[in-house]
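Notes follow the structure.
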Amino acid sequence: NDSLNCEDSATFDVQVFALPEPDAGEDTCVCLGENLNIGKSLEASWTYFWNPTGSTLAQPEVQPSQTTTYIVNVLDQNGCTGVDSLEVCVYLLPDIQAASDTTIIYGGQADLIVSGGLNYDWYSEDNIDCPDCPQISVSPDSSTVYYVRGLDLNGCEGFDTVMVSVEFEDAILIPNLFSPNSDGNNDILYVRTFGRIKDLHFRLYNRWGKLVFESKDPDFGWDGYYNGEIQAVDAYVYHLIANTEDGEVIEQKGDVTLMR
C-alpha cells in the first residue's frame with residue numbers, strides 16, 4: 001500500500017533444483033602397490049574434483065600407499081554441488097621367505113622351504129614335482145634359480161628366489177672309443193673335465209709310439225687325422241696330466257679305439 005491506499009502486486013517462480021548425488025563407490029581394500037579405479041558416477045554434464053588426488057576424471061585410477069579417504073565433489077549444469085567419499089584400506093604384502101641360496105654337488109639334492117604365506121607357487125626352468133608345496137626337493141643338473149610366489153589370507157602376493165648352485169667333483173673323463181666318419185655322431189675325441197681342472201695336457205700315441213695328437217684345451221679335440229691323413233682303425237694310447245685348483249695332480253693313462 002502507498003499513502004493513497006493504492007496497492008499492486010507481482011508474482012515470480014522460484015525453481016528448486018535437486019542436488020547432484022555422486023557415488024564415490026563402496027569402501028574397499030587393496031594390496032600395497034595395486035591400482036584401482038574409484039567412482040561410479042558417469043554424468044557427462046558434471047564437473048568432478050577428487051581429493052586428495054586433484055583428479056578431474058569421473059573414475060580416476062589410484063594407487064594408495066596407506067589407508068586413504070577419497071572425496072569427490074561435483075558441480076552440475078545448474079551450478080549445484082554434491083559430495084561423496086569412500087575409504088580404501090591398504091594391506092601390506094606378505095613377507096615371503098624362501099630358503100637361503102645353497103650349493104650342491106652334481107647329482108645331489110637340495111631341500112627348499114618357504115614361509116610367510118598361505119599358498120605357494122614354485123616355478124623354474126627345472127622340473128618341480130610339487131610346485132604348490134611349502135617344501136620342495138630339487139636336483140638340478142646345472143646352477144638354477146627357483147622362484148616362489150606366496151599368497152596370504154587377503155590375496156596379496158609376495159615373492160622370493162633361491163639360487164641352487166651345482167658344483168662338480170674334480171674329475172676327467174676320456175671316452176674309450178670314437179668314430180670320425182663325418183656322420184655327426186662322436187666324430188671328435190674330447191677330454192671331458194668336471195670341477196676345477198686346470199693345466200691339462202693330453203697326448204695321444206699310435207701303436208708305434210708316434211705322437212699323433214696333443215692338446216692343452218678340453219675344447220680342442222682330435223678328429224682322427226695326423227699330418228692331413230686319416231689314421232687307421234686301431235687302439236691309441238693316451239697320457240694325461242692335469243692339476244686341480246686345490247693343487248692335486250691328476251694323471252691318467254689308457255687307450256682309445258678309433259672306429260669307422
D129 and I136, any side-chain heavy atoms less than 4.5 Å apart: no
Stepwise side chain to side chain contact (heavy atoms under 4.5 Å, CB included) test for D223 and D187: CA-CA 6 Å; D223 60 3; D187 287 328; over 6 Å; no
Taking every non-hydrogen atom, the tightest pair across G221 and F213: C-CZ, 3.5 Å
Side-chain heavy-atom pair D121, P131 within 4.5 angstrom cut-off: yes
Spacing of OG belonging to S182 relative to CD1 belonging to I230, to within rounding of 0.5 Å: 8.0 Å
Spatial distance of atom CD1 (I172) from atom CD1 (I197) [nearest 0.5 Å]: 4.5 Å
Exceeds 12 heavy-atom contacts within 6.0 angstrom, atom CE of M163: yes
Chi angles and distances behind the side chain to side chain contact (heavy atoms under 4.5 Å, CB included) call for L211, R203: CA-CA 7 Å; L211 180 66; R203 288 170 289 186; 3.7 Å; yes
Donor-acceptor contact below 3.5 Å, side chain E61 vs main chain L36: no
Within-4.5 Å side-chain heavy-atom neighbours: I250 and T244: yes
Distance flag, aromatic centroids of F220 and F202, threshold under 6.0 Å: no
Heavy-atom side-chain proximity of P52 to Y70 below 4.5 angstrom: yes
Least distance between heavy atoms, P20 atom then D76 atom: CD-OD2, 3.5 Å
For P64 against V88, the heavy-atom pair lying closest together: CG-CG1, 3.9 Å
Trace of the side chain to side chain contact (heavy atoms under 4.5 Å, CB included) decision for C31 with L93: CA-CA 7 Å; C31 302; L93 302 181; 4.0 Å; yes
Flag for Q252-H239: side-chain donor and acceptor within less than 3.5 Å: no
L173 CG: over 12 foreign heavy atoms closer than 6.0 Å: yes
Heavy-atom neighbours of Y147 OH exceed 12 at 6.0 Å: no
Exercise: do T144 and D126 side chains pair donor with acceptor under 3.5 Å: no
P140 to V166 - nearest heavy-atom pair and separation: O-CG2, 3.6 Å
Exceeds 12 heavy-atom contacts within 6.0 angstrom, atom CZ of F168: yes
Derivation and outcome, side chain to side chain contact (heavy atoms under 4.5 Å, CB included), residues L240 and I174: CA-CA 10 Å; L240 178 143; I174 302 172; 3.9 Å; yes
Cluster check V30, L151: I/L/V/M/F/W/Y, side chain < 4.5 angstrom: no
Modelled atom types, side-chain donor and acceptor of S45 and Q77, under 3.5 Å: yes
Approximate separation, where rounding is to 0.5 Å, of I105 CD1 and E169 CD: 6.0 Å
Heavy-atom donor-acceptor pair, D170 side chain to R196 backbone, under 3.5 Å: yes
Side chain to side chain, V74 and T81, heavy atoms closer than 4.5 Å: no
Heavy-atom side-chain proximity of V114 to W122 below 4.5 angstrom: yes
Non-hydrogen side-chain atoms of P180 and I188 separated by less than 4.5 Å: no
Closest non-hydrogen atom pair, P60 against W50: CD-NE1, 3.3 Å
Beyond-backbone contact of V62 with S55, side-chain heavy atoms, under 4.5 angstrom: no
Distance (rounded to the nearest 0.5 Å) between E26 CD and L86 CG: 9.5 Å
Atom CD of E43 with >12 non-hydrogen neighbours under 6.0 angstrom: yes
Donor-acceptor side-chain pairing of Q97 and D95 below 3.5 angstrom: yes
Any donor-acceptor pair under 3.5 Å from N78 side chain to C80 backbone: no
Parallel, tilted or perpendicular, as decided by the 30° and 60° cut-offs, for the rings of W222 and Y236: perpendicular
E251 CD: over 12 foreign heavy atoms closer than 6.0 Å: yes
Interatomic spacing from CG in D132 to CG in N119 - rounded to 0.5 Å: 8.5 Å
Side chain to side chain contact (heavy atoms under 4.5 Å, CB included) partner of Y146, the single match among D101, I128, D160: I128
Donor-acceptor pair between N35 and Q63 side chains, under 3.5 angstrom: yes
Spatial distance of atom CG (D199) from atom CG (N243) [nearest 0.5 Å]: 5.0 Å
More than 12 heavy atoms from other groups under 6.0 Å of CD on E245: yes
For the student: nearest non-hydrogen atoms of P218 and T193, plus distance: CB-CG2, 4.2 Å
same_hphob_cluster(V256, L258) at 4.5 Å side-chain heavy-atom cutoff: yes
